2 protein chains.
Amino acid sequence: MTRESNRSGIAPPSPGIRDVSRVAGVSITTVSRVLNNSVIPSEATRRKVLEAVEKVGYRPDPLFSAALRRHRSGRGVEPVKTKTIGFLIMRGLQEAAHRRHEDYYSRVLSAVWNVASKQRYHVMFAEVDAGESRVPDLVAENRVDGLLVEAELSAALRKVLVHRLPTVFIDRTYADLAADAVVTDYVQAVTDVLGYLWQLGHRQIALFSDTVDRFYNHESLEGFHRFYESRGLPLLCPELSQPQDIHPEINDQVIDAYLTRLWSTKPRPTAVVAVSNVYAEFMLAHLAKMRRVVPRDLSVASLNDLSVTDIPVHPALTSYRASMDRIGASAAELLLQRIRDPQRPTFRLLVSGRMIERASCGPPPDTSELDLP
Amino acid sequence: MTRESNRSGIAPPSPGIRDVSRVAGVSITTVSRVLNNSVIPSEATRRKVLEAVEKVGYRPDPLFSAALRRHRSGRGVEPVKTKTIGFLIMRGLQEAAHRRHEDYYSRVLSAVWNVASKQRYHVMFAEVDAGESRVPDLVAENRVDGLLVEAELSAALRKVLVHRLPTVFIDRTYADLAADAVVTDYVQAVTDVLGYLWQLGHRQIALFSDTVDRFYNHESLEGFHRFYESRGLPLLCPELSQPQDIHPEINDQVIDAYLTRLWSTKPRPTAVVAVSNVYAEFMLAHLAKMRRVVPRDLSVASLNDLSVTDIPVHPALTSYRASMDRIGASAAELLLQRIRDPQRPTFRLLVSGRMIERASCGPPPDTSELDLP
DNA sequence: CTGAAAGCGCTTACAG
DNA sequence: CTGAAAGCGCTTACAG
């Protein structure tokens with residue numbers, strides 16, 4: 001049926017646009033146009049072509065099309081795509097996950113695949129190092145139409161990527177970059193976790209956030225304040241809920257000082273909520289050193305269940321976990337939308353999840369010690 | 001520097017083979033040849049070209065090359081590739097992993113990426129349904145040079161894929177198919193698990209395998225017999241270590257009958273090793289119903305830690321787990337080798353792992369009951 | 001060993 | 001609205 005009809009039986013040549021044009025009785029130009037909607041063809045022609053496509057089982061060779069359009073597309077005409085999106089994951093994040101036998105990153109990827117494949121997109125997978133500044137191969141080689149980024153790239157690279165390709169960031173947003181993002185809903189997270197602690201009897205609760213200009217700090221603080229306001233209560237220990245000046249190198253000292261301060265506050269908080277698991281885990285380690293028993297002496301919770309430290313955690317941390325399936329699916333949707341319409345305004349999509357009750361929270365230590373309002 | 005030199009500042013056209021040829025002072029034909037090794041060029045030319053490539057920062061457009069070569073490659077000349085491999089994972093397997101928060105499949109993928117990216121290969125990810133018989137899009141569209149298959153495809157599809165593309169199967173081999181495979185070393189697995197049980201004091205150990213013509217049955221049986229032979233002992237309860245006629249629909253009855261038989265055997269086995277976690281988990285469920293306590297009354301172990309059932313497992317199963325990193329890395333190596341040399345003989349690579357000691361094994365119940373040789 | 005030329009499958013000015 | 005023709009970047013017979 002196609003060209004020379006295969007005598008060998010090996011690698012049957014797939015039908016080309018030429019086969020379609022022959023069967024449809026139109027020029028290959030017309031076939032191409034029907035398939036790409038560049039010029040609107042007559043309804044009759046369109047039908048003829050589509051029928052022929054069906055009949056010969058034609059699938060355009062996306063590699064050729066993509067390569068061609070990339071170089072020749074004039075303004076106005078939307079360039080054809082590789083029909084592939086890239087999923088960039090940070091090596092550190094993922095190795096940490098593996099160390100802990102965590103599956104979240106494969107869940108995100110799986111959700112991405114489900115959405116992408118339904119729209120006949122392919123998914124390319126790549127790992128990048130934290131702080132990466134080189135353009136990843138799949139971008140340099142124009143292999144993808146868009147990018148899902150679950151990695152902390154260098155500021156320069158971020159800018160290059162966003163400029164060059166539709167890009168959706170997962171679990172991170174950047175004030176200086178107009179790009180889509182899918183992030184955990186930290187307002188929801190802090191609200192749920194505080195509600196849980198409240199119900200256990202806690203009234204004096206501190207929020208441990210940091211001074212980095214990241215959405216999770218702002219949002220959890222906002223949720224924190226809202227929570228207390230909605231209950232008509234003043235913040236009981238506002239200085240302990242101020243963002244802390246902390247970076248990886250000084251985690252130890254800052255947490256140490258913080259807990260010492262906490263313990264000398266009167267009335268002292270009976271629970272601490274840390275914006276990230278990393279901080280919460282450092283706290284558990286320090287509390288163990290201080291011979292404090294969690295949750296008997298202090299309840300500890302975290303707003304982000306994604307752990308990246310090597311610290312052995314005991315007791316298991318009660319925390320909030322965004323739905324990985326929804327994060328992956330939403331990110332993919334957002335990206336495919338943007339590929340279709342690069343002009344649409346950027347979105348930031350908040351995904352909520354659920355609290356995971358583990359062992360690090362319990363009733364407050366001693367009700368008599370508390371200044372109940 | 002390239003063509004019209006970009007006035008717009010947007011989307012700087014990347015240098016082409018033409019730029020390289022101009023800088024090197026050779027024809028584009030020669031550049032192409034140096035880059036693809038199709039005809040061996042003179043050392044001087046080669047150097048000139050390579051320098052020019054470096055200088056202009058040329059990267060061949062892999063989409064074009066791949067598409068071209070696919071259709072024109074004559075015999076003898078190795079066709080250029082998309083420089084992409086596909087990773088096919090079975091949806092069921094992966095959903096089961098997610099249900100259990102298992103990370104093994106992301107580990108395999110990660111290892112695949114590490115190997116592939118070092119050789120500048122891309123990785124495409126796709127999920128397929130169990131028993132899938134449609135050619136996956138990434139193959140139909142010629143997006144990949146080779147395939148890693150961690151999925152149970154229909155026999156027909158398997159054949160098509162192996163015929164069409166270099167393919168490496170992960171954790172499965174097929175007698176009727178000359179294809180590379182990376183599988184768990186079941187001889188090693190059974191040897192390690194038996195050694196562990198032996199050391200706990202068990203002498204009467206039964207192996208639960210099935211009659212399906214799969215390598216894991218043959219190998220674990222072989223390892224099992226070797227183990228007893230090497231200790232100069234006869235098999236003590238050979239009928240219980242015969243492959244069992246079992247399929248998913250009758251799991252319940254067969255396991256039930258098996259355990260009843262086991263319990264009436266004299267001297268009765270004090271430990272059972274199941275070739276798969278599925279069987280072992282069914283056993284735990286049945287033993288619970290029979291009011292038998294594991295491991296007090298019977299020790300249970302499994303040779304494959306990858307679980308796909310929904311059965312709540314108690315106590316946690318002691319089992320053998322192949323190294324996912326090594327499986328992924330080896331599979332990728334094997335695939336890239338085969339892409340380079342499609343003629344090389346097929347390999348079956350056995351990957352060992354380690355025993356994971358959990359709670360389902362303990363000392364044998366009552367030493368006086370045992371007929372120690 | 002090297003180059004000029006044809007051509008891969010497809011898209012897109014250009015001219016009806 | 002449609003087609004003949006040029007051309008995308010590259011590879012590969014073909015002819016030196």
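Chain identifiers are assigned alphabetically (A, B, ...) following the order of the sequence lines, protein sequences preceding nucleic acid strands; residue numbering begins at 1 within each chain. Keep in mind that this is a model prediction, so the values were computed, not measured.
B:R33 and B:T45 share no donor-acceptor pair across their side chains, judged by distance under 3.5 Å alone. Judged by distance alone, the side chains of B:Q94 and A:S110 do bring a donor and an acceptor atom under 3.5 Å apart.
For A:F125 and B:F87, the gap between ring centers reaches or exceeds 6.0 Å.
Pair assignment for D:dG16 gives C:dC1, based on Watson-Crick or G-U wobble hydrogen-bonding distances that are each under 3.5 Å.
Remark: the A:T29 side chain and the C:dT11 base include no donor-acceptor N/O pair separated by less than 3.5 Å. No N or O donor and acceptor, one from the side chain of A:T45 and one from the base of D:dT2, sit under 3.5 Å apart.
Look at the C1' atom in both C:dT12 and C:dG16: the space between them is 16 Å, to the nearest Å.
Between D:dC1 and A:S42, no contact under 4.0 Å exists linking OP1 or OP2 to a side-chain N or O. Distances shorter than 4.0 Å separate some side-chain N or O of A:S32 from OP1 or OP2 on C:dT11. For A:T30, a side-chain nitrogen or oxygen approaches OP1 or OP2 of D:dG3 to under 4.0 Å.
Taking atom NZ of residue A:K48 and atom C1' of nucleotide D:dC1, one finds them 11 Å apart after rounding to whole Å. Here the C1' atom of nucleotide D:dT12 and the CZ atom of B:R33 are 8 Å apart, to the nearest Å. Distance CD1 (A:I28) to P (D:dA6): 13 Å, rounded to an integer number of Å. Here D:dC10 presents its C1' atom at 6 Å from CD1 of B:I17, a figure rounded to the nearest Å. Atom CZ in B:R18 sits about 10 Å away from atom C1' in D:dG7, given to the nearest Å. Between B:R22 atom CZ and D:dC10 atom P the separation is 13 Å, expressed in whole Å.
When distances run from any side-chain atom of B:V26 to the nucleotides D:dT2, D:dT11, C:dG3, the shortest one goes to C:dG3.
Residues B:E150 and B:V108 share a closest heavy-atom pair of OE1-CG1, 4.0 Å.
Using modelled atom types, one side-chain atom of A:D145 and one backbone atom of A:K83 make a donor-acceptor pair closer than 3.5 Å.
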